[in-house]
Colleague: 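Supplied in structure tokens, the structure appears directly below.
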Amino acid sequence: MSNLGPLINSQLNNQFSEVRVRFAPSPTGYLHVGGARSALFNYLFAKKNNGKFILRIEDTDVARSTDESLKMMVQDLVWLGLEWDEGVHPITLKDMGPCAPYRQSQRLHYYKKYADELLNSGKAYYCFMTDLELETVREKNKADGTHAHIESPYADWTLAQAQAEIVTGKTAVVRFKTKHLRKDYILNDLIRGEVKFPSDMVGDFVILRSDGMPVYNFCCVIDDALMKISHVLRAEEHLPNTLRQLMIYEGLGFPIPQFGHISLVLDDDRQKLSKRKGAVACDNFRRDGYLPEAMNNFMALMGWSHPEGCELFSMDDMKNLFSLERLNASGAVFDRVKLKWMNSQYLRAMDSQLLWKSILPFLTEAKIQLPNDLTSDLKWQMQSVEVFKPKMEIFSDSVSLYEVFDDSKFVIHPESDEFLKIETTKMVLQTWKDLVSEIQTEFMTTEDFMRIENEIKTKANVKGKNLFMPMRVAVIGKPHGTELKLIVPLMKKSSLIARAEKVIAIC
RNA sequence: GUUCCCAUCGUCUAGUGGCCUAGGACACCUCCCUUUCACGGAGGAUACACGAGUUCGAAUCUCGUUGGGAACGCCA
């Protein structure tokens, strides 16, 4: 079985002079939180080790890659604050750095060159098998229960033979020859420890498609080598790919980087997080009003832990404390509830002025009409933010909170009924309306409100629930909500009166 | 099916042979604060998948079982 069993990559630690890591998304959609977490860990590892963080674009799947997607991913990474040292420029999207270009679609000459090298040395060969032939073999293998790998009859052709065939117009893929590699490959994974791959785990795999485009496992190796990537930190789903990549490294005589396979981010059902189970795009969280700091903090906690057990920590803390040893090898379920809690913690620590600026776009988008010119009234803004801050978890929560100021959205909720039926309610509300009318200013103070409340108490001879529930209905249309003495001073006298009248009319 | 990976409260995790009658966080429950809803504070319930070994001693090391996941493409 393992005649040679060389420890392929453990002896190569010193071949790299500096830490260089990369995040290499394919621009075929949005940036997934799992991807964002991989980017985060790479970024942190680079920062911790004074290394370089590189953004490479894996766009060899021409049909699915789009510029739109690339822009979104870049935007999300910028939002998270995961600045990269080399790769496409965050704004112009032009290549920047010594290893440019960083888009695989523009590096085809490299892949061609190394594919030729493999072809010439007999480590790869042209394969003329048709789709139909491949399908037939697969079906047969399945039926036999052998689950053997594809064996190409062209594996032993000479290069000249194959080239003669190509001249006649036949198309071929290039396959990497694995038959002769009869040994176990041992990967010393930074997170998982020793991982042993049996050599027959893979068959001869494609490195160049029939249209000449290279395939992931091939470009990945060439680029990592050419870009002098020292550590490959990527999701666990790539673990089986590593065997193929190890074979290519070996075939080309490239120095092998250290690998670390990070655990997967899972759904509630413990399967790989997918969009069918809810929002998984970073972009989604940004739109819902999550803070990038909270996202980073939360993502880090899926798989990594703070040495002192802290739950809340800054990016700077992470940069200083990050280490691969504290990375957990088992998968982590993405807990949206905890993420929300974490965001609320960050949100509450925010400066009120900044918080106002952050929620305003959400209010505008939801077309919340604030009384007149309140949007430019700094005092009102700060006061309202202070009142609502403990009630918000994410920015978009502000919409339903600030809605109470919008007269056009004032409705009397059905849950108010039981309080409107109470005998004393009409008296309470009438008194409330009268006393509010007597106020000489546009807004009343908290003291004004307290005084009015006391007067109603005496005049209508009502206290407790029967007093403040109806009053709250008259202010916000429902019996539960923010404390009246906090919210009433934020409302215009005219709207208070108009609302009181509406409620009085139906009780 | 094959290969690989993984296995501590419902969830994220701490734990690297004795500090473990297993610690923290979210969620949950109770109480306090509160004339509602929240915020906040104090408590509580809940976990080492199972079975063998190694050891004076195992959540921790080994093996097996079971369970879960991933990969098996001219996707990445």
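Below, chains carry the letters A, B, ... as their sequence lines are ordered, and counting in each starts from 1. Just so it is clear, the values below take in all heavy atoms, side chains as well, and ignore hydrogens, waters and symmetry mates.
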Colleague: Rounded to the Å, how far apart are A:L339 CG and B:rU13 P?
Modeller: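 Taking CG of A:L339 and P of B:rU13, I get 14 Å after rounding.
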Colleague: Scan A:R326 against the nucleic acid and name what it touches under 4.0 Å (heavy atoms): base, sugar-phosphate only, or nothing.
Modeller: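 Result for A:R326 = sugar-phosphate.
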Colleague: Just to be sure I understand the rule, does A:T482 reach a base, reach only the sugar-phosphate, or reach nothing, if contact means heavy atoms closer than 4.0 Å?
Modeller: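 Result for A:T482 = base.
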Colleague: Side chain of A:P390 only, heavy atoms from C-beta on: which candidate in B:rA76, B:rC39, B:rA27 is closest?
Modeller: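 Looking only at side-chain atoms, A:P390 lies closest to B:rC39.
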Colleague: Is a side-chain donor-acceptor pair under 3.5 Å present for A:H149 with A:T178?
Modeller: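 No, no side-chain donor-acceptor contact under 3.5 Å.
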Colleague: With a 3.5 Å distance limit and no angle check, can you tell me whether A:R472 reaches the backbone of A:P479 through a side-chain donor-acceptor pair?
Modeller: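 Confirmed, A:R472 side chain pairs with A:P479 backbone.
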Colleague: Distance check needed: B:rA27 P versus A:F334 CZ, whole Å only.
Modeller: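 Spelled out: CZ on A:F334 to P on B:rA27 is 15 Å.
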Colleague: Tell me which nucleotide among B:rA70, B:rU35, B:rC6 gets nearest to the side chain of A:S330.
Modeller: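 For A:S330, the side-chain atoms sit closest to B:rC6.
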Colleague: Starting at atom CZ of A:F313, determine the distance to atom P of B:rG24, rounded to an integer number of angstrom.
Modeller: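 Distance, rounded to whole Å: 18 Å.
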Colleague: Once you apply the 3.5 Å cut-off to both distances, tell me the Watson-Crick or G-U wobble partner of B:rU54, or none.
Modeller: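 With both distances under 3.5 Å required, B:rU54 matches none.
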Colleague: Would you check if there is a donor-acceptor pair between the side chains of A:Q104 and A:D59 at a distance under 3.5 Å?
Modeller: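 Their side chains do not contain a donor-acceptor pair, so the 3.5 Å distance test is not met.
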Colleague: At 4.0 Å (heavy atoms only), tell me whether A:L312 reaches a base, stays on the sugar-phosphate, or touches nothing.
Modeller: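 No contact at all - A:L312 keeps every heavy atom at 4.0 Å or more from the nucleic acid.
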Colleague: Tell me whether B:rC39 sits syn or anti, counting syn as a glycosidic angle within 90° of 0.
Modeller: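 Syn.
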Colleague: Would you indicate what A:R56 reaches in the nucleic acid, counting non-hydrogen atoms under 4.0 angstrom: base, sugar-phosphate, or nothing?
Modeller: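 If one applies the 4.0 Å heavy-atom cut-off, A:R56 turns out to touch nothing in the nucleic acid.
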Colleague: Could a donor-acceptor pair under 3.5 angstrom be found where the side chain of A:K485 meets the base of B:rU35?
Modeller: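 There is none.
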Colleague: Check every atom of B:rC6, B:rC12, B:rC39 against the side chain of A:L301 and return the nucleotide holding the closest atom.
Modeller: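 Nucleotide nearest to A:L301's side chain: B:rC12.
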Colleague: Between A:G481 and A:L327, who's closer to the 5' end of RNA chain B by nearest nucleotide?
Modeller: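 Taking each residue's closest nucleotide, the earlier one in sequence belongs to A:L327.
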Colleague: What interatomic distance, in whole Å, is found between P of B:rC28 and the corresponding atom of B:rA38?
Modeller: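 10 Å, rounded to whole Å.
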Colleague: Could you tell me how far apart A:I476 (CD1) and B:rA38 (P) are, to the nearest whole angstrom?
Modeller: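 Between P of B:rA38 and CD1 of A:I476: 13 Å.
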Colleague: Name the pairing partner of B:rA71, where a pair is Watson-Crick or G-U wobble with both distances under 3.5 Å, or state none.
Modeller: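 Base partner found: B:rU2.
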Colleague: Nearest whole Å is fine: how far is B:rG67 C1' from A:Q271 CD?
Modeller: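 Computing the A:Q271:CD to B:rG67:C1' distance gives 14 Å.
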Colleague: Please classify the nucleic acid contact of A:H261 as base, sugar-phosphate, or nothing, using heavy-atom distances under 4.0 Å.
Modeller: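 Since no nucleic acid heavy atom lies under 4.0 Å of A:H261, the category is nothing.
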Colleague: Using 4.0 Å as the upper bound for N to carboxylate O, is an ion pair formed by A:K112 and A:D116?
Modeller: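 So A:D116 pairs with A:K112 through a salt bridge.
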Colleague: With no hydrogens and no angle check, just 3.5 Å: does a side-chain donor-acceptor pair link A:S352 and A:E386?
Modeller: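 There is such a pair (donor and acceptor under 3.5 Å, judged by atom type) between the side chains of A:S352 and A:E386.
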Colleague: Test your reading of the model: is there a side-chain donor-acceptor pair from A:S152 to the backbone of A:Y154, 3.5 Å cut-off?
Modeller: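 Yes: the side chain of A:S152 pairs with the backbone of A:Y154.
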Colleague: Considering Watson-Crick and G-U wobble pairs with both distances under 3.5 Å, what does B:rC39 pair with?
Modeller: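 Per the H-bond distance test, none.
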Colleague: Looking only at the side chain of A:D335 (C-beta and beyond, no hydrogens), which of the listed nucleotides B:rU35, B:rA14, B:rG10 gets closest?
Modeller: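 Minimum distance to the A:D335 side chain belongs to B:rG10.
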Colleague: B:rC5 P sits how many Å from A:H238 NE2, rounded?
Modeller: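 Roughly 17 Å, once rounded to whole Å.
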Colleague: Calculate the interatomic distance between A:F419 atom CZ and B:rC37 atom C1'; express it in whole Å.
Modeller: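 Distance, rounded to whole Å: 12 Å.
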Colleague: By the definition side chain to side chain donor-acceptor pair (under 3.5 Å), identify the one residue from A:N42, A:D223, A:D224 that meets it with A:R22.
Modeller: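 In the set A:N42, A:D223, A:D224, the residue that makes a side chain to side chain donor-acceptor pair (under 3.5 Å) with A:R22 is A:D224.
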Colleague: Kindly indicate whether the side chain of A:Y290, heavy atoms from C-beta on, has any atom under 4.5 Å from the side chain of A:Y346.
Modeller: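 Of all side-chain heavy-atom pairs linking A:Y346 with A:Y290, none is under 4.5 Å.
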Colleague: How far, in whole Å, is B:rG1 from B:rC63 if one measures between their C1' atoms?
Modeller: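 Those two atoms are separated by 25 Å.
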Colleague: Identify whether any heavy atom of A:R472 sits under 4.0 Å from a base atom; if not, whether one sits that close to sugar-phosphate; answer base, sugar-phosphate or nothing.
Modeller: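 Counting heavy atoms under 4.0 Å across all strands, the contact made by A:R472 includes a base.
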Colleague: If you look at every strand shown and take non-hydrogen atoms under 4.0 Å, does A:V173 touch a base, only sugar-phosphate, or nothing?
Modeller: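 Counting heavy atoms under 4.0 Å across all strands, the contact made by A:V173 includes a base.
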Colleague: If you assign each of A:Q104 and A:L484 to its closest nucleotide in RNA chain B, which residue comes earlier from the 5' end?
Modeller: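 This one resolves to A:L484.
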Colleague: Both distances under 3.5 Å, Watson-Crick or G-U wobble: report the partner of B:rC20, or none.
Modeller: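 For B:rC20, the partner nucleotide comes out as none, under the 3.5 Å rule.
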Colleague: So, under a plain 3.5 Å distance rule, would you say the side chain of A:E311 forms a donor-acceptor pair with the base of B:rG24?
Modeller: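 For A:E311, whose side chain was compared with the base of B:rG24, there is a donor-acceptor pair (under 3.5 Å).
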Colleague: Does A:N328 put a side-chain nitrogen or oxygen below 4.0 Å from OP1 or OP2 of B:rA14?
Modeller: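 Answer yes for this pair, as a side-chain N or O of A:N328 is under 4.0 Å from OP1 or OP2.
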Colleague: Using a heavy-atom cut-off of under 4.0 Å over every strand shown, decide if A:K478 touches base, sugar-phosphate, or nothing.
Modeller: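 Nothing, no heavy atom under 4.0 Å.
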Colleague: Under a 3.5 Å limit for both distances, which nucleotide forms a Watson-Crick or G-U wobble pair with B:rA7, could you say?
Modeller: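 In the structure as shown, B:rA7 has B:rU66 as its Watson-Crick or wobble partner.
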Colleague: Does A:E151, at its CD atom, have more than 12 non-hydrogen atoms belonging to other residues, nucleotides or ligands within less than 6.0 Å?
Modeller: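 No, not enclosed.
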Colleague: Could you check whether A:K272 gets within reach of a base, just the sugar-phosphate, or nothing at all, counting any heavy atom under 4.0 Å?
Modeller: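 Here A:K272 touches the backbone only, sparing every base.
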Colleague: The side chain of A:V195 lies closest to which of these nucleotides: B:rC5, B:rA76, B:rU11?
Modeller: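 The nucleotide sitting nearest to the side chain is B:rC5.
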Colleague: Has A:R244 got a side-chain N or O lying under 4.0 Å from the OP1 or OP2 atom of B:rU3?
Modeller: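 So the side-chain polar atoms of A:R244 never come under 4.0 Å of the phosphate oxygens OP1 or OP2 of B:rU3.
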Colleague: Between B:rC5, B:rC39, B:rC26, spot the one nearest the side chain of A:R348, thanks.
Modeller: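 Looking only at side-chain atoms, A:R348 lies closest to B:rC39.
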Colleague: A:R64 has a side chain; which of B:rC75, B:rG73, B:rU36 sits nearest to it?
Modeller: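 Nucleotide nearest to A:R64's side chain: B:rC75.
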Colleague: Can you tell which of B:rU35, B:rC26, B:rC72 lies closest to the side chain of A:W341?
Modeller: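 So the nucleotide nearest the side chain must be B:rC26.
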Colleague: Taking the side chain as C-beta and beyond, is there a heavy-atom pair between A:P307 and A:E325 under 4.5 Å?
Modeller: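 Answer no - side chains too far apart.
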Colleague: Using a 4.0 Å heavy-atom cut-off, does A:G303 contact any base of the nucleic acid, only the sugar-phosphate backbone, or nothing at all?
Modeller: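 If one applies the 4.0 Å heavy-atom cut-off, A:G303 turns out to touch the sugar-phosphate alone, with no base involved.
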Colleague: Which value, in whole Å, describes the distance between the P atoms of nucleotides B:rC72 and B:rU54?
Modeller: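 One P to the other, the span is 42 Å.
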Colleague: Roughly how far apart, to the nearest Å, are B:rG24 and B:rU34 at atom C1'?
Modeller: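 The answer is 29 Å between these two C1' atoms.
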Colleague: Would you indicate which nucleotide in B:rU3, B:rG24, B:rC6 comes nearest to any side-chain atom of A:M201?
Modeller: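 For A:M201, the side-chain atoms sit closest to B:rU3.
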Colleague: Please measure how far the C1' atom in B:rA22 lies from the corresponding atom in B:rU8, and state the result in whole Å.
Modeller: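 B:rA22 and B:rU8 have their C1' atoms separated by 8 Å.
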Colleague: Could you check which of B:rC12, B:rC72, B:rC37 has an atom nearest any side-chain atom of A:K338?
Modeller: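 For the A:K338 side chain, the nearest candidate turns out to be B:rC12.
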Colleague: Using atom P of each nucleotide, how far apart are B:rC50 and B:rU11 to the nearest Å?
Modeller: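 Approximately 15 Å lies between the P atom of B:rC50 and that of B:rU11.
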Colleague: Can you tell me the distance, in whole Å, between the NE2 atom of A:H306 and the P atom of B:rG24?
Modeller: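 Taking atom P of B:rG24 as the reference, NE2 of A:H306 is at 17 Å.
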Colleague: Determine the interatomic distance between P on B:rC26 and the same-named atom on B:rU21; round to the nearest Å.
Modeller: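 The same atom, P, in both gives a distance of 26 Å.
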Colleague: Is the shortest side-chain N/O distance from A:R336 to OP1 or OP2 of B:rC12 below 4.0 Å?
Modeller: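 Result: no.
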Colleague: Touch check for A:S26, heavy atoms < 4.0 angstrom, all strands: base, sugar-phosphate only, or nothing?
Modeller: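 The residue A:S26 makes sugar-phosphate contact but no base contact.
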Colleague: Is the distance from OP1 or OP2 of B:rC4 to the nearest side-chain N or O of A:R192 less than 4.0 Å?
Modeller: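 So the side chain of A:R192 is outside the cut-off, no N or O lying under 4.0 Å from OP1 or OP2 of B:rC4.
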Colleague: How far does the C1' atom of B:rC9 sit from the matching atom of B:rU46, given to the nearest Å?
Modeller: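 It works out to 5 Å between them.
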Colleague: Would you mind pulling out the nucleotide paired to B:rC28, Watson-Crick or G-U wobble, both distances under 3.5 Å?
Modeller: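 Answer to the pairing question: B:rG44, which forms a Watson-Crick or G-U pair with B:rC28.
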